[in-house]
Structure formats: C-alpha cells, structure tokens
Peer 1: 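Got a structure for you, questions after.
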Amino acid sequence: PNTLQFAKRNDQNQIELQTEPFNLKDRRRLAVNDVRVNFPEGIFPFDQEDRAVELTVVIEEEREEREFLDVPIKITTVITATPSISPPNASVKVRGPRSLVRLLTPQDFVFLVGSPIVEEFGAKNSDVKIEARVQPQSDIIPRARRSEIEVLEIIPPTIEINFPAAPEPE
C-alpha cells in the first residue's frame with residue numbers, strides 16, 4: 001500500500017498501468033484476453049510470479065450519421081378529420097450504430113406533436129413543434145435497440161396543422 005501511495009496518478013486518482021499489446025483485429029463486441037502488465041519502477045504485484053491480468057475490452061459498433069429527405073409527415077389526431085399539414089414532408093438527420101442506421105428508410109419514422117394543438121373542426125395551428133422517432137411497429141429495428149437511434153435534426157422543426165371545417169349536417 002505504501003508503494004502505491006507514491007505512484008503517478010491520473011485526474012481520477014487512479015494509477016495507470018501499461019499492458020503488452022493486445023490485438024483487437026477481427027474482434028466484435030467484446031474481447032477478453034490475458035495480458036502481461038508492465039509495472040512501473042517501484043510497483044510490484046502481490047504475486048511476483050503472476051504479472052498477467054484478464055483484460056476485457058468492450059467494442060462499440062462504429063456510429064454513422066444519415067439524413068433522410070422528404071419524409072412524409074403523418075400526425076395521428078383525436079378527431080376523425082384528416083388535417084392538412086404544411087409542409088407535408090420533412091428532413092430527418094439521425095445518428096446511431098452503422099448496422100441500424102443503414103437499415104432505416106423514410107417510412108420507418110413517425111412524427112409526434114411536441115406542442116399542444118387545438119384538435120377540432122376548422123382549427124388552424126401554426127408553429128407546431130414536431131419530433132421524429134422510429135415507428136413502434138417497425139420490424140426493421142429491434143425494439144430493444146430503437147433507443148440507440150438518435151434524432152439530431154428535423155427540418156423544418158415546426159409545421160402548420162389545419163383541420164377542415166365541420167361537415168354540413170344532413
């Protein structure tokens with residue numbers, strides 16, 4: 001213990017030790033290997049014969065950004081009337097694991113209204129903030145991994161939603 005007290009420490013008050021090189025080529029997700037530790041001068045392991053440690057490296061998939069142009073904006077509303085939406089399409093920029101981002105298509109997105117709107121016949125709603133997410137029904141991206149897709153930008157960020165006038169009584 002006294003020896004470690006004088007060892008060089010990093011900003012988190014941890015002692016950094018070097019290991020022998022560890023080849024990660026062709027490894028996916030997780031790599032576990034026994035490697036020798038190169039102890040700095042004056043620091044010795046408890047067992048002088050055993051200078052190896054089990055090293056575990058978590059390998060994250062490379063992340064990628066992608067922009068989807070002309071994604072149709074469809075909003076689910078409470079009333080049965082279909083509103084007109086202006087503009088009818090948006091661009092959505094996402095970032096996530098390459099294997100997931102490459103599977104996505106514009107049809108895999110759903111838009112949510114991010115600000116309160118008046119949902120009644122004849123109502124006009126301007127500057128309505130929208131959010132985009134991967135559709136809950138999407139079979140392309142497994143449910144457990146949808147949170148790995150991050151929406152970076154939606155253009156335009158706001159839309160106009162107008163409901164038609166009430167139908168004439170018969």
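Excluded from the calculations below are hydrogen atoms, water molecules and symmetry mates; all remaining heavy atoms, backbone and side chain alike, are included.
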Peer 1: Taking all non-hydrogen atoms of both residues into account, name the closest pair between Leu100 and Pro142 and its distance.
Peer 2: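 Where Leu100 meets Pro142 most closely, the heavy atoms are CD2-CD, 4.4 Å.
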Peer 1: Any chance you could measure Glu150, atom CD, to Arg63, atom CZ, to the nearest 0.5 Å?
Peer 2: 6.5 Å
Peer 1: Taking the side chain as every heavy atom from C-beta outward, state whether Ile159 and Pro87 have any atom pair closer than 4.5 Å.
Peer 2: yes
Peer 1: Here's a test for you: under salt bridge (Lys or Arg N to Asp or Glu O under 4.0 Å), which of Arg145, Arg102, Arg98 qualifies with Glu61?
Peer 2: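 Exactly one option meets the salt bridge (Lys or Arg N to Asp or Glu O under 4.0 Å) with Glu61, and it is Arg145.
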Peer 1: I need the minimum non-hydrogen distance between Ala132 and Ile154, along with the two atoms involved.
Peer 2: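 Smallest interatomic distance, heavy atoms only, reads N-CD1, 3.3 Å.
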Peer 1: Where is the tightest heavy-atom contact between Ser91 and Leu69, given as atom of each residue plus distance?
Peer 2: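 What the structure gives for the nearest pair is OG-CD2, 3.4 Å.
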Peer 1: Would Val110 and Val151 show up in the same hydrophobic cluster when neighbours are defined by side-chain heavy atoms closer than 4.5 Å?
Peer 2: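 Result: no, two separate clusters.
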Peer 1: Do Val113 and Ile161 make a side-chain contact, defined as non-hydrogen atoms from C-beta onward lying under 4.5 Å apart?
Peer 2: yes
Peer 1: Please assess Val94 against Leu152 for the test side chain to side chain contact (heavy atoms under 4.5 Å, CB included), listing each intermediate value before the final yes or no.
Peer 2: CA-CA 5 Å; Val94 298; Leu152 301 175; 5.9 Å; no
Peer 1: A side-chain contact here means heavy atoms from C-beta on lying under 4.5 Å apart; do Val71 and Asn89 qualify?
Peer 2: no
Peer 1: Verify side chain to side chain contact (heavy atoms under 4.5 Å, CB included) between Glu65 and Lys93, making sure each step is shown before the conclusion.
Peer 2: CA-CA 7 Å; Glu65 285 186 15; Lys93 184 189 274 187; 3.9 Å; yes
Peer 1: With sequence neighbours left out, which residue pairs that include part of residues 64-93 fulfil the ring-ring contact (aromatic ring centres under 6.0 Å, His included) condition?
Peer 2: Phe68-Phe109
Peer 1: For the pair Phe163 and Thr82, evaluate side chain to side chain contact (heavy atoms under 4.5 Å, CB included) and give the outcome as yes or no after the intermediate values.
Peer 2: CA-CA 7 Å; Phe163 289 91; Thr82 303; over 6 Å; no
Peer 1: Working to the nearest 0.5 Å, report the span between CD1 of Ile130 and CD1 of Ile73.
Peer 2: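 Those atoms lie 4.0 Å apart.
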Peer 1: Between Ile149 and Val101, is any pair of side-chain heavy atoms under 4.5 Å apart?
Peer 2: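 Side-chain contact under 4.5 Å: yes.
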Peer 1: Using side-chain heavy atoms (C-beta onward) and a distance below 4.5 Å, is Ile141 in contact with Asp108?
Peer 2: no
Peer 1: Say whether, by atom type as modelled, one donor and one acceptor occur between the side chain of Glu153 and the main chain of Val92 under 3.5 angstrom.
Peer 2: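 Pair absent, no side-chain N/O of Glu153 close to backbone of Val92.
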Peer 1: Mind jotting down which residue pairs meet the side-chain hydrogen bond (donor to acceptor under 3.5 Å, both in side chains) criterion with at least one end in residues 122-132? Sequence neighbours excluded, please.
Peer 2: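 Passing the test, one end in residues 122-132: Glu131-Arg133.
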Peer 1: Looking at NZ of Lys74 and CD of Gln107, how far apart are the two atoms once the value is rounded to the nearest 0.5 Å?
Peer 2: 7.5 Å
